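Worksheet: one structure, shown below.
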Amino acid sequence: RWLDGLQLCLATEINREEVIKPVETFLEAALALGIAGLVFAMLVSIAVARGLVRPIETLADAMERFSAGNRSVRVDVGRTDEIGHLAQRFNDMTDSLASAEARLQKSEERFALAMQGANDGLWDWNLETGNIYFSPRWKSMLGYTDAEIGADSREWQTRLHPDDLAKSRFAVQRYLDGKTASFEIEFRMRHKDGHYVDILSRGHLVRDETGRPKRFTGTHVDISER
């Protein structure tokens with residue numbers, strides 16, 4: 001620079017390599033460190049993701065197998081975090097459902113044996129859909145196989161003796177309307193070979209929480225000998 005009052009000029013010469021090279025070296029080191037940190041973070045993320053995804057996939061697979069009917073499927077818990085608690089709840093649920101199904105199966109077996117011993121026919125009328133379940137014994141009383149009678153209420157009405165049709169329908173309607181406390185009626189039903197069978201029918205009405213009739217279930221007993 002020019003010195004005040006003097007006709008002199010000072011100049012400084014700087015070696016570019018000596019100044020720029022350390023900066024470039026520092027930047028290269030920082031960039032390498034940043035890349036290494038990024039790679040490390042990605043590897044950690046992948047490891048964590050695998051640690052979470054695999055147990056969830058295992059649990060989802062177990063749920064799919066359970067819904068397909070495999071009631072013995074269980075999930076290895078082996079963890080104390082939220083996923084471990086979820087796996088334990090799944091195992092508890094499967095145990096509870098399996099136990100409930102076993103109790104239901106035993107109950108159905110007892111009911112089937114009781115009905116077989118009593119020699120009664122069972123009917124179950126779904127008032128919401130209009131379909132009626134007729135047990136094999138109900139059908140065999142009239143000489144039919146299980147496949148020969150469907151699940152329509154007309155299967156019952158069309159086989160009633162013409163003289164018993166009106167009074168039977170009237171008795172059913174009065175009971176559904178709550179005008180009678182119980183349902184028990186005798187009528188004649190046409191056998192497959194043409195003769196009529198004397199039937200004693202008893203029923204019980206199931207209502208929903210609002211009091212509306214929901215199901216009408218009962219039995220048929222062949223009282224022809226009586």
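Only this structure's heavy atoms are used, side chains among them; waters, hydrogens and symmetry mates stay out. Just so you know, these numbers come straight off a predicted model, no measurement behind them.
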Hey, does [Y] have a side-chain heavy atom less than 4.5 Å from the side chain of [X]?
{"X": "Leu205", "Y": "Phe183", "value": "no"}
{"X": "Lys214", "Y": "Leu127", "value": "no"}
{"X": "Leu142", "Y": "Trp138", "value": "yes"}
{"X": "Asp120", "Y": "Arg137", "value": "no"}
{"X": "Arg159", "Y": "Arg190", "value": "yes"}
{"X": "Ile132", "Y": "Asp152", "value": "no"}
{"X": "Arg169", "Y": "Arg174", "value": "no"}
{"X": "Glu155", "Y": "Phe134", "value": "yes"}

Nearest 0.5 Å please: distance from the [atom1] atom of [X] over to the [atom2] atom of [Y].
{"X": "Thr158", "Y": "Trp156", "atom1": "OG1", "atom2": "CH2", "answer": "10.5 Å"}
{"X": "Asp163", "Y": "Tyr196", "atom1": "CG", "atom2": "OH", "answer": "8.5 Å"}
{"X": "Ile199", "Y": "His161", "atom1": "CD1", "atom2": "NE2", "answer": "13.5 Å"}
{"X": "Ser168", "Y": "Met189", "atom1": "OG", "atom2": "CE", "answer": "9.0 Å"}
{"X": "Asp146", "Y": "Lys139", "atom1": "CG", "atom2": "NZ", "answer": "4.0 Å"}
{"X": "Ile185", "Y": "Ser201", "atom1": "CD1", "atom2": "OG", "answer": "7.5 Å"}

Using modelled atom types only, decide if a donor and an acceptor are shared between the side chain of [X] and the backbone of [Y] within a distance under 3.5 Å.
{"X": "Asp193", "Y": "His195", "result": "yes"}
{"X": "Asp177", "Y": "Lys179", "result": "no"}
{"X": "Asn126", "Y": "Gly130", "result": "no"}

* Asked: For Thr217, which residues count as a side-chain contact (heavy atoms from CB on, under 4.5 Å) partner, sequence neighbours excluded?
  ->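 Checked Thr217 against side-chain contact (heavy atoms from CB on, under 4.5 Å); matches are Leu122, Asp124, Arg215.
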* Flag yes if Leu200 and Tyr175 sit in one hydrophobic cluster, no otherwise; membership is Ile, Leu, Val, Met, Phe, Trp, Tyr, and two members link when side-chain heavy atoms are under 4.5 Å apart. =>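 Different hydrophobic clusters.
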* When hydrophobic residues are tied together by side-chain contacts of less than 4.5 Å, even through go-betweens, does Val172 share a cluster with Val206? ->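 Different clusters: Val172 never reaches Val206 through Ile, Leu, Val, Met, Phe, Trp or Tyr contacts under 4.5 Å.
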* **Check: Trp125 ring centre within less than 6.0 Å of Tyr133 ring centre** =>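 Not under 6.0 Å, so no.
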* Ring-ring centroid check His220 Phe187, cutoff 6.0 Å ->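 Judged by ring-centre distance (under 6.0 Å), His220 and Phe187 do meet the cut-off.
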* **Which atom of Gly143 lies closest to which atom of Lys192, heavy atoms considered** =>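 In terms of heavy atoms, the two residues are closest at O-CD, 3.3 Å.
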* Asked: Under 4.0 Å between a Lys/Arg side-chain N and an Asp/Glu carboxylate O for Asp164 and Arg188?
  ->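 Here Asp164 pairs with Arg188 in a salt bridge, since their nearest N and O are under 4.0 Å apart.
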* To do: For the pair Trp123 and Phe216, name the ring-plane relationship: parallel under 30°, tilted 30 to 60°, perpendicular over 60°.
  =>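 Answer is perpendicular, since the angle exceeds 60°.
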* Using the salt bridge (charged side-chain N to carboxylate O under 4.0 Å, His left out) rule, take Glu186 and Arg226 through it: C-alpha gap first, then chi angles, then the decisive distance, then the call. => CA-CA 12 Å; Glu186 296 180 14; Arg226 189 190 71 179; 2.6 Å; yes
